[in-house]
Amino acid sequence: MAVLRILFKWIILPIIGLLVVISLGLMVTGNAYIFRGLQLTYFKGEATANIDDYVDFDNRTIRARDPIKWDKAPSLEQVELTPTLQNALDTDQTVAFAIIKDGKLLYENYWQDYGSDSHTNSFSMAKTVTTMLYLKAVEDGYIDSIDEPITTWLPEYADNQYAQNCTLADLSAMTSGYDWTEDYYFPINPTAESYYGHDLVKQMVNRDFKEACGGQFEYSSGDTQMLGIALSRALEPHGYTISSYLEEKFWQPLGMEGDAYWSLDGSKNIEKVYCCLSASALDFAKFGQLLLNGGEWQGEQLLSKAHIKWMVTPNAAAFTEGQAQVYGHSVWTDMDSPIPFYAMLGHLGQRVLVLPEENAIIVRLGKQKGLPTPVEGFHLEPDLGQYVTEVKTILNNLPAQTTLPKTD
């Protein structure tokens with residue numbers, strides 16, 4: 001008993017005291033969100049956010065209506081993955097992989113007890129959807145133009161010397177100069193706070209702009225969330241949330257097969273638009289098809305062809321001479337690679353890859369990024385070059401058949 005008293009006095013009590021001091025320090029400095037982050041990551045055996053975590057947050061539901069299933073390609077039952085691709089998908093914690101060719105489902109498979117109706121987090125693939133919504137709001141007249149000053153919707157920055165010249169297009173291109181640190185693992189940083197914190201709008205508008213907008217591309221989830229705040233404020237007078245606008249303008253017109261869930265911040269006031277749209281693999285694929293179709297879906301122009309082209313075209317002004325032009329407006333681009341493609345990409349290897357010359361789309365969802373051998377001539381993450389190269393081999397080996405003309 002005496003030993004236990006000594007241990008309690010000299011070891012356990014100091015540890016408790018240290019934990020109390022640390023906790024008070026985190027609360028005083030506005031970092032109490034770390035408690036929630038620890039609860040939802042390390043205490044669950046995760047090192048970062050995970051693909052199933054929409055259940056841990058409040059969400060708005062984007063309802064499906066009149067679902068349209070993908071037509072099946074004639075070669076659906078004949079497609080075999082290359083050994084290289086099969087090995088990558090088997091070993092890199094992939095949960096879903098699909099190939100769409102000429103608007104038809106060519107290949108579909110799932111791993112680790114996931115299936116066609118499983119919902120997983122899009123992570124940063126949601127950025128592409130957010131920019132689609134902002135452009136749709138321009139087309140609907142809720143936002144005056146793609147180059148509208150951010151101060152129209154973010155009056156908190158009316159007197160900021162850098163923000164005064166910043167436009168919504170700068171946010172979608174990630175050339176705003178907004179002060180942000182992109183980090184998904186270190187717990188004390190703005191990305192973690194935005195994911196686990198209580199009041200996302202307050203957090204965002206309390207941050208500054210560190211340099212003039214319109215300069216070099218710098219990847220920033222903060223830019224997309226600022227765009228989301230502007231979009232939310234533009235839609236609110238017309239009776240929409242971001243989620244209900246997505247439902248009406250894209251989700252239901254695309255005939256999505258299932259509902260989606262967009263996670264909200266801790267105050268339940270706004271969607272975390274830089275991430276956190278949870279849906280199924282084949283529903284994510286329809287956004288890739290919409291990009292490939294130039295904004296058209298089954299005879300209806302859901303988003304103008306000009307706006308789609310603006311999104312998927314590399315923003316040359318944001319890159320120096322000789323630098324790979326890897327980003328347009330919320331779309332990653334690798335159009336100078338051996339197999340040109342553009343993409344929606346997300347944390348932990350969420351991918352929707354669009355191959356315009358092949359009239360094809362690749363969807364890969366998983367619990368970690370693939371780590372294959374890089375393929376020469378590709379400029380983005382190494383798994384992307386391998387995915388498109390191996391899928392191109394599969395397409396080249398398809399039985400001869402009549403295909404649809406390629407989309408411009």
Side-chain angles (χ1 to χ4, degrees), residues 51 54 59-64 119-140 142-143 146 168-169 171-174 194 200 219-232 234-235 240-265 270-297 302-304 307-308 310-312 327-333 342-347 350-354 361 363 365:
I51 62 174
Y54 77 94
N59 300 277
R60 288 197 175 111
T61 301
I62 299 103
R63 296 164 298 181
H119 287 71
T120 61
N121 196 335
S122 67
F123 293 114
S124 289
M125 295 200 303
K127 292 178 169 69
T128 309
V129 178
T130 299
T131 287
M132 286 182 174
L133 293 171
Y134 133 63
L135 295 174
K136 188 64 179 179
V138 172
E139 294 179 11
D140 284 343
Y142 304 151
I143 295 173
I146 60 174
L168 297 181
L171 295 175
S172 65
M174 298 193 180
S194 67
L200 188 48
Y219 189 76
S220 167
S221 291
D223 277 23
T224 305
Q225 192 60 49
M226 291 286 275
L227 179 62
I229 295 170
L231 176 63
S232 177
L235 294 176
Y240 292 107
T241 64
I242 290 172
S243 293
S244 66
Y245 197 59
L246 171 60
E247 177 181 282
E248 180 178 311
K249 301 300 180 178
F250 295 111
W251 203 261
Q252 292 183 354
L254 285 167
M256 297 300 198
E257 295 183 47
D259 294 346
Y261 307 101
W262 211 329
S263 295
L264 303 173
D265 72 333
I270 191 169
E271 291 84 349
K272 294 185 285 189
V273 297
Y274 69 92
C275 69
C276 309
L277 175 65
S278 292
S280 69
L282 294 186
D283 281 346
F284 283 134
K286 286 185 177 178
F287 286 114
Q289 190 69 50
L290 188 64
L291 292 172
L292 182 59
N293 290 354
E296 183 269 337
W297 178 261
L302 301 185
L303 194 63
S304 76
H307 278 154
I308 293 290
W310 182 74
M311 290 180 68
V312 305
Y327 209 73
H329 288 266
S330 300
V331 174
W332 290 92
T333 61
Y342 50 85
M344 303 165 59
L345 304 181
H347 180 50
Q350 319 316 310
R351 280 86 172 82
V352 173
L353 313 178
V354 180
I361 297 157
V363 179
L365 307 177

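Along the sequence shown, residues are numbered consecutively beginning with 1.
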Residues in side chain to side chain contact (heavy atoms under 4.5 Å, CB included) with [X], at least two apart?
{"X": "Ala285", "answer": "Trp70, Ile100, Val363"}
{"X": "Ser280", "answer": "Asp283"}
{"X": "Ala230", "answer": "Trp153, Leu168"}
{"X": "Glu296", "answer": "Asn293, Gln301"}

**Prompt:** Between Ser278 and His119, does a side-chain hydrogen bond (donor to acceptor under 3.5 Å, both in side chains) hold up when you go through it step by step?
**Reply:** CA-CA 5 Å; Ser278 292; His119 287 71; over 6 Å; no
Where do Met311 and Met132 land on the side chain to side chain contact (heavy atoms under 4.5 Å, CB included) test, with the steps shown first? CA-CA 9 Å; Met311 290 180 68; Met132 286 182 174; 3.9 Å; yes
Could you pull out all residues at least two apart from [X] that satisfy side-chain hydrogen bond (donor to acceptor under 3.5 Å, both in side chains)?
{"X": "Ser330", "answer": "Thr131"}
{"X": "Thr130", "answer": "none"}
{"X": "Tyr342", "answer": "none"}
{"X": "Asp259", "answer": "none"}

| query | Can Tyr134 and Ile146 be said to form a side chain to side chain contact (heavy atoms under 4.5 Å, CB included), step by step? | reply | CA-CA 8 Å; Tyr134 133 63; Ile146 60 174; 3.5 Å; yes
[Y] side chain reached by [X] side chain, heavy atoms, under 4.5 Å:
{"X": "Ile242", "Y": "Arg60", "answer": "no"}
{"X": "Leu277", "Y": "Ile62", "answer": "yes"}
{"X": "Leu290", "Y": "Phe250", "answer": "yes"}
{"X": "Trp332", "Y": "Thr128", "answer": "no"}

Could you check whether any side-chain N or O of [X] sits under 3.5 Å from a backbone N or O of [Y], counting only pairs where one atom can act as donor and the other as acceptor?
{"X": "Lys249", "Y": "Leu133", "answer": "no"}
{"X": "Gln225", "Y": "Gly222", "answer": "no"}
{"X": "Lys272", "Y": "Asp265", "answer": "no"}
{"X": "Glu271", "Y": "Ser243", "answer": "yes"}
{"X": "Ser124", "Y": "Cys275", "answer": "no"}

Mind listing the closest non-hydrogen atom pair of [X] and [Y] along with its distance?
{"X": "Leu345", "Y": "Ala343", "result": "CD2-CB, 3.6 Å"}
{"X": "Met125", "Y": "Met344", "result": "O-CE, 3.4 Å"}
{"X": "Tyr274", "Y": "Ser194", "result": "OH-OG, 2.7 Å"}
{"X": "Gly288", "Y": "Val354", "result": "O-CG2, 3.8 Å"}
{"X": "Asn121", "Y": "Gln350", "result": "O-CG, 3.6 Å"}
{"X": "Leu291", "Y": "Ile308", "result": "O-CG2, 3.5 Å"}

_Verdict with reasoning, Ser122 to Lys127, per side-chain hydrogen bond (donor to acceptor under 3.5 Å, both in side chains)_ = CA-CA 9 Å; Ser122 67; Lys127 292 178 169 69; over 6 Å; no
What residues, two or more places apart in sequence or in another chain, satisfy ring pair (Phe, Tyr, Trp, His ring centres under 6.0 Å) together with [X]?
{"X": "Trp297", "result": "none"}
{"X": "Trp262", "result": "none"}
{"X": "Tyr240", "result": "Tyr245"}

[atom1]/[X] to [atom2]/[Y] distance, rounded to the nearest 0.5 angstrom?
{"X": "Glu257", "Y": "Leu282", "atom1": "CD", "atom2": "CG", "answer": "6.0 Å"}
{"X": "Leu365", "Y": "Phe123", "atom1": "CG", "atom2": "CZ", "answer": "10.5 Å"}
{"X": "Thr241", "Y": "Leu264", "atom1": "OG1", "atom2": "CG", "answer": "8.5 Å"}

**Asked** Stepwise, does the side chain to side chain contact (heavy atoms under 4.5 Å, CB included) test hold for Leu227 with Val273?
**Response** CA-CA 9 Å; Leu227 179 62; Val273 297; over 6 Å; no
In terms of relative ring orientation, are Phe287 and Trp251 parallel, tilted or perpendicular, with 30° and 60° separating the classes?
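The rings of Phe287 and Trp251 sit tilted, inter-plane angle from 30° to 60°.
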inquiry  = Going by the rule salt bridge (charged side-chain N to carboxylate O under 4.0 Å, His left out), which residues pair with Lys136 if we only count those two or more places apart in sequence or in a different chain?
reply    =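 Salt bridge (charged side-chain N to carboxylate O under 4.0 Å, His left out) check on Lys136 returns Glu139.
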